[in-house]
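So the structure is just underneath, and the comments pick up after that.
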There are 2 protein chains.
Amino acid sequence: MDKNAPPNSASTVADVAREAGVSKATAARVLGGYGTVSEKVRVAVMAAAEALDYRPNELARSMTTGRSGTIGVIVGDIENPFFSLAVRGITDVARQAGFTVVLVNSSEDARNEEAALRTLLAKRVDGLIVSPAKESETDHLRDAARSGRPLVLLDRGSETLGVDTVVANDRHAAESITRKLIARGHRHIAYLTACDTPDHHFRTPADIHTGSVRRRIEGFFSTCQEAGMTDVEHNIHVGAVTPERTRAIIMAMIEAPLRPTAIIASDSVIALEVFKLCREFAIRIPDDLSLVSFHDADWTSVTTPPVTVIRQPVYQLGETAARLLVRRMKGDVGPPTRTVLETELVERASVSMPDQSSEPPHRG
Amino acid sequence: MDKNAPPNSASTVADVAREAGVSKATAARVLGGYGTVSEKVRVAVMAAAEALDYRPNELARSMTTGRSGTIGVIVGDIENPFFSLAVRGITDVARQAGFTVVLVNSSEDARNEEAALRTLLAKRVDGLIVSPAKESETDHLRDAARSGRPLVLLDRGSETLGVDTVVANDRHAAESITRKLIARGHRHIAYLTACDTPDHHFRTPADIHTGSVRRRIEGFFSTCQEAGMTDVEHNIHVGAVTPERTRAIIMAMIEAPLRPTAIIASDSVIALEVFKLCREFAIRIPDDLSLVSFHDADWTSVTTPPVTVIRQPVYQLGETAARLLVRRMKGDVGPPTRTVLETELVERASVSMPDQSSEPPHRG
DNA sequence: AACGCTATTGAGACCGGTCTCTTTCTAAAT
DNA sequence: ATTTAGAAAGAGACCGGTCTCAATAGCGTT
């Protein structure tokens with residue numbers, strides 16, 4: 001009679017059990033796919049479930065099992081191609097392992113990150129992948145780790161926090177590109193990042209709380225110094241958080257008495273802004289200004305000239321982090337690991353050749 | 001004694017109640033922020049919670065309240081800038097309204113989408129935003145709607161399914177760009193999309209199951225026909241799903257006896273591939289070939305020449321869908337709405353000017 | 001002093017699953 | 001035929017919250 005009409009409210013194991021004429025426990029065994037049941041009963045229960053349009057309540061299941069089948073992911077900004085690609089890597093692995101992803105943008109704000117973490121922990125995610133906004137503020141991460149749920153840090157590590165980390169070899173990448181620029185005669189190289197300091201000025205690498213960027217700046221800084229360059233800290237520009245601020249910084253840089261001959265952009269979004277501005281002001285790349293960018297964004301190969309970039313294995317970064325997390329969630333309790341993925345310098349045409357360099361080597 | 005040492009397993013309201021010397025119900029009232037409690041008891045309970053490092057279990061809360069505080073989002077591919085921007089719009093609104101987002105990639109596959117939907121429904125998301133891979137296969141969406149949880153369709157609508165939809169005015173956009181190309185003397189215009197048909201050939205718009213693309217093709221098709229063009233269906237190319245396939249299609253197109261003088265790319269990923277190939281084969285844009293793309297991706301303004309695009313309000317698409325969903329989740333039960341957001345033709349320099357056109361008007 | 005009203009608290013059912021413990025039943029082993 | 005292992009099914013506790021309902025307490029009123 002009521003077999004064809006699904007009830008108003010979702011039906012439960014108890015409903016199915018009643019319909020099939022068995023106990024709740026037995027119905028649960030069939031529906032949950034555990035324990036042992038006779039074939040006859042199995043068929044009856046399945047038929048009842050079908051008739052009642054039964055849909056399991058994953059929430060209730062999670063509460064008893066203690067596992068929710070979800071992993072929480074906190075990134076700075078999903079709109080940034082770097083993160084969207086990394087998240088793709090994460091979701092692919094997660095899906096394959098039977099997990100779904102809960103995504104939160106921190107907008108690179110430590111407070112947002114902390115709130116997000118609390119929410120995700122409250123929702124009982126089985127594991128977490130976080131790209132921490134600030135390495136200096138990691139109390140909330142420590143809490144997460146302490147909660148017993150595995151945590152993997154993505155792109156930005158914290159050496160002090162004993163937790164799994166997957167990063168690129170940022171420092172080495174920065175060193176090699178800086179060396180390359182120096183070899184081509186550049187003596188005034190600017191480094192431009194979205195990371196900010198309280199007074200928007202750079203003094204020492206310790207001011208930079210975003211791990212990946214700090215390591216790059218350390219590499220840049222020391223390579224410059226080894227080459228005998230002075231006042232390197234004045235060539236490191238922070239706070240390129242919006243297109244407007246980025247433009248203002250670049251403008252000031254260009255109009256300064258000692259105008260840089262090369263710019264290293266810390267991400268593709270900034271590089272794009274530099275490129276736009278150069279075009280707008282008819283600054284020729286690489287003749288007037290050389291440009292190098294971190295992250296091999298799709299468009300960098302298609303501009304005139306194509307942009308020399310440091311290719312990071314972004315998808316693999318996400319993939320590796322997720323794989324590591326899955327292993328931890330399965331019970332691997334080894335000591336925390338730090339995975340460093342290699343980068344690759346892709347030389348295109350946005351860096352001036354040695355003979356084109358307007359400055360002779362060793363001038364200043 | 002055990003006040004400073006948090007217990008091994010997470011503490012619960014019952015633990016806090018015991019610690020504070022009150023009943024479970026009272027502790028729950030304080031912790032859950034409902035009902036009425038005396039100030040004295042409130043303080044005592046909070047102190048106990050603090051001491052025990054109490055963290056609410058959102059899962060348990062969800063089970064009784066029936067609401068999980070999450071919204072499920074299914075998109076084709078988060079890596080595609082279109083979707084990552086739309087998702088950013090969704091997450092921003094969701095966060096503001098107190099919801100977190102569970103994200104799933106369907107890889108534009110209806111079966112994946114169905115599985116994802118089942119999972120999300122089982123996890124008891126409070127609402128859903130889906131960008132359906134196929135408008136023809138919507139049984140699973142109907143199920144979702146029937147489950148009582150609000151559903152909003154993003155970018156791709158289904159007229160038959162009575163459900164809220166947020167789309168761009170794709171048809172009108174396609175018409176206007178096609179008209180513009182025709183006005184500039186183009187008589188052989190190719191349309192290139194990632195959507196595919198079983199035999200990889202296009203016959204009628206009804207073959208295309210992705211709503212937004214079908215509407216664009218309808219606009220393109222009818223505008224071409226109105227201009228007296230024949231065999232328009234042969235100029236619509238489907239199945240540009242990977243860079244390799246895209247290249248093969250473009251190559252065939254270029255080598256055909258009647259080579260198109262203009263290409264409309266259905267998304268920025270395809271446009272980028274066209275651009276790359278043109279550069280590789282020294283095909284000049286716009287002199288040899290005009291290019292127009294849907295979606296104003298960041299890089300399109302920075303190429304040489306910059307690409308003429310149809311700017312879609314992508315962030316707003318996500319934002320609007322999320323706002324609508326939030327309203328529904330709050331109990332709005334009006335009839336299903338269909339929101340159409342306007343697009344804008346951004347003319348840059350990838351379309352040949354009339355006087356540069358190699359073909360005189362009305363030739364064929 | 002008796003009464004009524006409200007603020008505060010406690011007891012316990014409930015959400016929808018899982019899972020342990022028992023009991024019953026079947027069939028192989030001695 | 002009797003013993004016994006193991007399969008199959010049921011009863012009911014439990015997860016960690018919410019929420020209803022009843023009991024108690026405190027206060028103003030007449």
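Chain letters run A, B, ... following the sequence lines, proteins first and then strands; every chain starts at 1.
In this structure, A:Lys123 places its NZ atom 22 Å from P of D:dC15, rounding to the nearest Å. At whole-Å resolution of the value, OH in A:Tyr54 and C1' in C:dG16 are 8 Å apart. Atoms CZ (B:Arg124) and C1' (D:dG17) sit 17 Å apart, rounded to a whole Å. If you take CG of A:Asp15 and C1' of C:dC14, they are 14 Å apart, rounded to a whole angstrom. Put simply, NZ on A:Lys40 is 18 Å from P on D:dA7, counting in whole angstrom units. Between A:Asn57 atom CG and D:dG16 atom P there is a gap of 17 Å when expressed in whole angstrom units. As a whole-Å value, the separation of B:Arg42 CZ from C:dT9 P is 10 Å. Atom CZ in A:Arg67 sits roughly 15 Å away from atom C1' in D:dC15 (whole-Å rounding).
Among pairs with a residue in residues 147-158 of chain A, those fulfilling salt bridge (charged side-chain N to carboxylate O under 4.0 Å, His left out) read A:Glu108-A:Arg156, at least two apart in sequence or across chains. Sorted by first and then second residue, the pairs that involve residues 61-90 of chain A and meet ring pair (Phe, Tyr, Trp, His ring centres under 6.0 Å), not counting sequence neighbours, are A:Phe82-A:His295. Listed by first and then second residue, the side chain to side chain donor-acceptor pair (under 3.5 Å) pairs involving residues 75-85 of chain A are A:Asp77-B:Arg88 (not counting sequence neighbours).
Within 4.0 Å of B:Ser38, counting heavy atoms only, lie sugar-phosphate atoms of the nucleic acid but no base atom.
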Less than 3.5 Å apart, which donor and acceptor atoms pair up between the side chains of residues 32-47 of chain B and the rest of the protein, not counting sequence neighbours?
unit_1	atom_1	unit_2	atom_2	d
B:Ser38	OG	B:Val41	N	3.3

In residues 95-105 of chain A, what donor-acceptor pairs under 3.5 Å come from side-chain atoms, sequence neighbours left out?
unit_1	atom_1	unit_2	atom_2	d
A:Arg95	NH2	B:Asn105	O	2.8
A:Asn105	OD1	A:Ile78	N	2.8
A:Asn105	ND2	B:Thr91	OG1	2.9

Could you list the donor-acceptor pairs under 3.5 angstrom formed between side-chain atoms of residues 113-121 of chain B and any protein atom two or more places apart in sequence or on another chain?
unit_1	atom_1	unit_2	atom_2	d
B:Glu113	OE1	B:Ala133	N	2.7
B:Glu113	OE2	B:His140	NE2	2.9
B:Thr119	OG1	B:Ala115	O	3.0

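Phosphate contact (OP1/OP2 of D:dA9, side-chain N/O of A:Thr26, threshold under 4.0 Å): absent.
If B:Met63 and B:Val37 are placed on DNA chain C by their nearest nucleotide, the residue sitting closer to the 5' end is B:Val37. With DNA chain C read from its 5' end, the first of the two nearest nucleotides for A:Arg55 and B:Glu39 is the one closest to B:Glu39.
Annotation for B:Arg111: atom CZ does not count as buried by contact number, only 12 or fewer foreign heavy atoms lying within 6.0 Å.
No side-chain heavy atom of B:Leu128 sits less than 4.5 Å from a side-chain heavy atom of B:Pro150.
By the side-chain contact (heavy atoms from CB on, under 4.5 Å) test, A:Thr65 is found to be paired with A:Arg61, A:Arg67, residues two or more places apart in sequence or in another chain being considered.
Minimum atom distance to the side chain of A:Thr12 is reached by C:dG16, of the listed C:dT8, C:dG16, D:dA11.
Within the helix from C:dA1-D:dT30 to C:dT30-D:dA1, the inter-axis angle between the opening and closing five-pair segments is 50°, rounded to 10°.
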Filtered N/O pairs between nucleotides 18-20 of chain D and protein, under 3.5 Å:
unit_1	atom_1	unit_2	atom_2	d
D:dT18	OP1	B:Arg61	NE	2.9
D:dT18	O4'	B:Thr64	OG1	3.0

